[in-house]
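Beneath this line is the structure, given in structure tokens, with notes to follow.
None of the values given here were measured: they were computed from a predicted structure.
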Amino acid sequence: MEIGIYTLADLYPDPLTGKTISAKQRIEEIIKIAKMADEGGLDVFGVGEHHRLDYAVSSPPVILSAISQITKKIKLTSATTVLSTVDPVRLFEDFATLDLISNGRAEIIAGRGAFIDSFPLFGYDIKNYEELFEEHIELFLKLNTDELVTWNGRFRPSLKDAEISPRPVQQKIPVWLGVSRTMESAERAGSLGTGLVLAILGGDPSFFKPLVERYRESASQNGHPLENLKVAVTGHAYISKTNQQAINEFYPYHSNYWYHSNRHRGIPLQLTKADFEQASSKETALFVGSSQQIIEKIMRQYELFGHQRFIAQIDIGGMPFKKVAENIERLATEVAPVIRKETKS
């Protein structure tokens, strides 16, 4: 199994100090942790896309391009690209360029995103939420396959024998679709033959097993060989010496993250310590605990999903760089080697 990390680059205040770092410092730290992940032997590094002042990254390929120049092996992916509100041609060109300068390490996780700020920002109508995503993913996959493209759709100008350049180092840029809880999204990923990324942020992970089953069924029904399909699991993670120490240390940051993420939707979420301890128990999907508990949680999910990749979000809620760095080290040295050994076929 591939093991990696991703960041959404939130700019929330540290709940223990009240300090909010600048976007400049946040980006500098993201580049540093990507380098640490690469040097530690992790397989994947992802950067999310947001278009609001409480997040530092609006253009993942720009940040990933900078990272590509100071890393050697780690795969570089968006996490996620808000596909509904980006032009597929520009998106392909950007990631094909990233693939060239990284020597074939570019990937894309496409999704709808947690916020809708990008719709008015780029002149898209939220009423076309579903139709935009479907049209854009269809066009992007065509661009990813063909050098000359003729295409017609509703939401962008038509293409007639358009030259799609540059071409990436890889034959195709790997594309994954991010899915949270909808069966339709899992079915779409299977029908298109893309990878499937499960965003599992809490609760019982067995809830998501039907999504994986439907994904594989849909892929098989549409003629995609199952051996070519990949499933990834993502989730919040924090690793410490003991389970209780991890809970005590991570609670302020996790609670802070959920409060700030949800208050923009008019539903401020005050997570109690008791609720958080329950959400962190060994039966749940929240990856909080000692290295051994994290290993056990990943392996339990592996028994459910048979997935090929696990990506942890470990820098949320204003967490200081030192804590993030410690988590990367534990993930790379204590968790990843065991998981790779246990899942080696």
Seminar exercise, completed: Note: Asn256 and Pro13 closest approach over all heavy atoms is ND2-O, 2.8 Å

Problem set entry | Atom pair NZ/CD of Lys209 and Gln301 - distance to nearest 0.5 Å | 12.5 Å

Exercise. How about Tyr257 and His236: are their ring centroids closer than 6.0 Å?
Worked result: yes

Exercise. When you look at Thr77 and Phe45, which way does the side-chain contact (heavy atoms from CB on, under 4.5 Å) test go after all the steps?
Worked result: CA-CA 6 Å; Thr77 185; Phe45 187 82; over 6 Å; no

Exercise. Going hydrophobic residue to hydrophobic residue with side-chain gaps under 4.5 angstrom, can you get from Val179 over to Met183?
Worked result: yes

For this session: Would you check, one step at a time, whether the test side-chain contact (heavy atoms from CB on, under 4.5 Å) holds for Ser102 with Lys75?
Result: CA-CA 9 Å; Ser102 66; Lys75 295 176 182 178; over 6 Å; no

Exercise. Under 4.5 Å between any side-chain heavy atoms of Val175 and Leu141, yes or no?
Worked result: yes

For this session: Determine, stepwise, if the pair Phe310 / Phe287 fulfils ring-ring contact (aromatic ring centres under 6.0 Å, His included).
Result: CA-CA 11 Å; Phe310 169 69; Phe287 297 93; 4.6 Å; yes

Problem set entry | Pair His136-Glu138, side-chain hydrogen bond (donor to acceptor under 3.5 Å, both in side chains): steps then yes or no | CA-CA 5 Å; His136 284 187; Glu138 174 191 325; over 6 Å; no

Exercise. Would you find more than 12 non-hydrogen atoms of other residues, nucleotides or ligands less than 6.0 Å from Glu329 atom CD?
Worked result: no

Exercise. Within the distance-only criterion (no hydrogens, no angle test), does the side chain of Ser255 pair as donor or acceptor with the backbone N or O of Pro252 below 3.5 angstrom?
Worked result: no

Exercise. Taking Asp99 for the side chain and Ala106 for the main chain, is one N or O donor matched with an acceptor at less than 3.5 Å?
Worked result: yes

Exercise. Does the side-chain hydrogen bond (donor to acceptor under 3.5 Å, both in side chains) test come out yes or no for Lys160 and Asn152, once each step is laid out?
Worked result: CA-CA 9 Å; Lys160 181 173 176 58; Asn152 291 286; over 6 Å; no

Exercise. Would Asp94 and Thr97 satisfy side-chain hydrogen bond (donor to acceptor under 3.5 Å, both in side chains), going step by step from the backbone distance to the final call?
Worked result: CA-CA 5 Å; Asp94 286 346; Thr97 301; 5.6 Å; no

Exercise. Is it true that Tyr302 and Val212 fall in one hydrophobic cluster, defined by side-chain heavy atoms closer than 4.5 Å?
Worked result: yes

Exercise. Which is it for Ile316 and Tyr238 under the side-chain contact (heavy atoms from CB on, under 4.5 Å) test, yes or no, and what are the steps along the way?
Worked result: CA-CA 10 Å; Ile316 66 173; Tyr238 188 88; over 6 Å; no

Exercise. Is Lys297 reaching over with its side chain to a backbone N or O of Leu286, donor-acceptor style, under 3.5 angstrom?
Worked result: yes

Exercise. Under a 4.5 Å cut-off applied to non-hydrogen side-chain atoms, are Leu148 and Ile164 in contact?
Worked result: no

Exercise. Are Leu64 and Glu107 close enough that some pair of their side-chain heavy atoms sits under 4.5 Å apart?
Worked result: no

Exercise. How would you list all residue pairs meeting side chain to side chain donor-acceptor pair (under 3.5 Å) that involve residues 56-73, not counting sequence neighbours?
Worked result: Thr71-Arg105

Exercise. Does some side-chain heavy atom of Ile173 sit less than 4.5 Å from a side-chain heavy atom of Phe92?
Worked result: yes

Exercise. What closest approach, in Å, do Ile328 and Leu42 show between heavy atoms, and which atom pair accounts for it?
Worked result: CG2-CD1, 4.4 Å

For this session: To the nearest 0.5 angstrom, please state how far the CE atom of Met299 sits from the CD atom of Glu342.
Result: 5.5 Å

Problem set entry | Check: Leu271 main-chain N/O paired with Tyr251 side-chain donor or acceptor under 3.5 Å | yes

Exercise. Does the ring centre of His51 sit less than 6.0 Å away from the ring centre of Phe115?
Worked result: no

Exercise. Taking the inter-plane angle between the rings of His260 and Tyr12 on a 0 to 90° scale, is it parallel (under 30°), tilted (30 to 60°) or perpendicular (over 60°)?
Worked result: parallel

Problem set entry | Thr81 side chain to Ser78 backbone, donor-acceptor under 3.5 Å | no

Exercise. Just by distance, with hydrogens left out, do Glu334 and Gln292 show a side-chain donor and acceptor under 3.5 Å apart?
Worked result: no

Exercise. Out of curiosity, does Ile108 fall in the hydrophobic cluster containing Val169 (side-chain heavy atoms, cut-off under 4.5 Å, transitive links)?
Worked result: no

Problem set entry | Leu226, CG atom: more than 12 neighbouring heavy atoms under 6.0 Å | yes

Exercise. Between Gln221 (side chain) and Ser191 (backbone), is there a donor-acceptor pair under 3.5 Å?
Worked result: no

Problem set entry | Phe321 backbone acceptor or donor facing Glu29 side chain under 3.5 Å | no

For this session: Measure from the side-chain N and O atoms of Ser220 to the backbone N and O of Glu217, and report whether any donor-acceptor pair falls under 3.5 Å.
Result: no

For this session: Find the distance between CD (Gln313) and CD1 (Ile5) and round it off to the nearest 0.5 Å.
Result: 10.5 Å

Problem set entry | Thr234 side-chain N/O to Leu198 backbone N/O, donor-acceptor pair under 3.5 Å | yes

For this session: Flag the pair Thr150 / Leu159 as yes when at least one side-chain heavy-atom distance between them is below 4.5 Å, and no otherwise.
Result: no

Problem set entry | Within one Ile-Leu-Val-Met-Phe-Trp-Tyr cluster: Val233 and Val338, side-chain cutoff 4.5 Å | yes

Problem set entry | All pairs passing ring pair (Phe, Tyr, Trp, His ring centres under 6.0 Å) where residues 158-215 contributes a residue, at least two apart | none

For this session: Locate the shortest heavy-atom distance separating Thr284 from Arg300; write the atom from each residue and the value.
Result: N-NH1, 4.4 Å

Exercise. Do the non-hydrogen side-chain atoms of Leu196 and Lys230 ever get within less than 4.5 Å of each other?
Worked result: no

Exercise. Does Ser218 reach the main-chain N or O of Arg214 with its side chain, forming a donor-acceptor pair under 3.5 Å?
Worked result: no

Problem set entry | Approximate separation, where rounding is to 0.5 Å, of Asn144 CG and Thr194 OG1 | 11.5 Å

For this session: Quickly, which of Arg26, Lys32, Lys323 forms a salt bridge (Lys or Arg N to Asp or Glu O under 4.0 Å) with Asp315? Name it, please.
Result: Arg26

Exercise. Closest approach of Leu8 and Gly48, non-hydrogen atoms and distance?
Worked result: CD2-CA, 3.9 Å

For this session: Could you tell me how the ring of Tyr55 sits relative to the ring of His50: parallel (under 30°), tilted (30 to 60°) or perpendicular (over 60°)?
Result: parallel

Seminar exercise, completed: All heavy atoms of Tyr124 vs all of Leu132, minimum pair found to be CD2-CD2, 3.5 Å

For this session: Mark yes when over 12 heavy atoms from residues, nucleotides or ligands other than Ile31 sit less than 6.0 Å from its CD1; otherwise mark no.
Result: yes

Problem set entry | Between CG on residue Leu76 and CD1 on residue Ile63, distance to nearest 0.5 Å | 12.0 Å

For this session: Please test Val335 against Ile339 for side-chain contact (heavy atoms from CB on, under 4.5 Å), starting from the C-alpha separation and ending with a verdict.
Result: CA-CA 6 Å; Val335 175; Ile339 297 300; 4.0 Å; yes

Exercise. Can you name the closest pair of heavy atoms from Leu229 and Ala219 and give their distance?
Worked result: CD1-CB, 2.9 Å

Exercise. Within a strict 4.5 Å, meaning less than it, do heavy atoms of the Glu135 and Glu130 side chains meet?
Worked result: no

For this session: Decide yes or no for Phe95 and Arg90: does some side-chain heavy atom of the first lie under 4.5 Å from some side-chain heavy atom of the second?
Result: no

Exercise. Between OG of Ser290 and CG of Asn243, what distance do you get to the nearest 0.5 Å?
Worked result: 4.0 Å

Exercise. Does a side-chain N-to-carboxylate-O contact under 4.0 Å join Arg188 and Glu134?
Worked result: yes

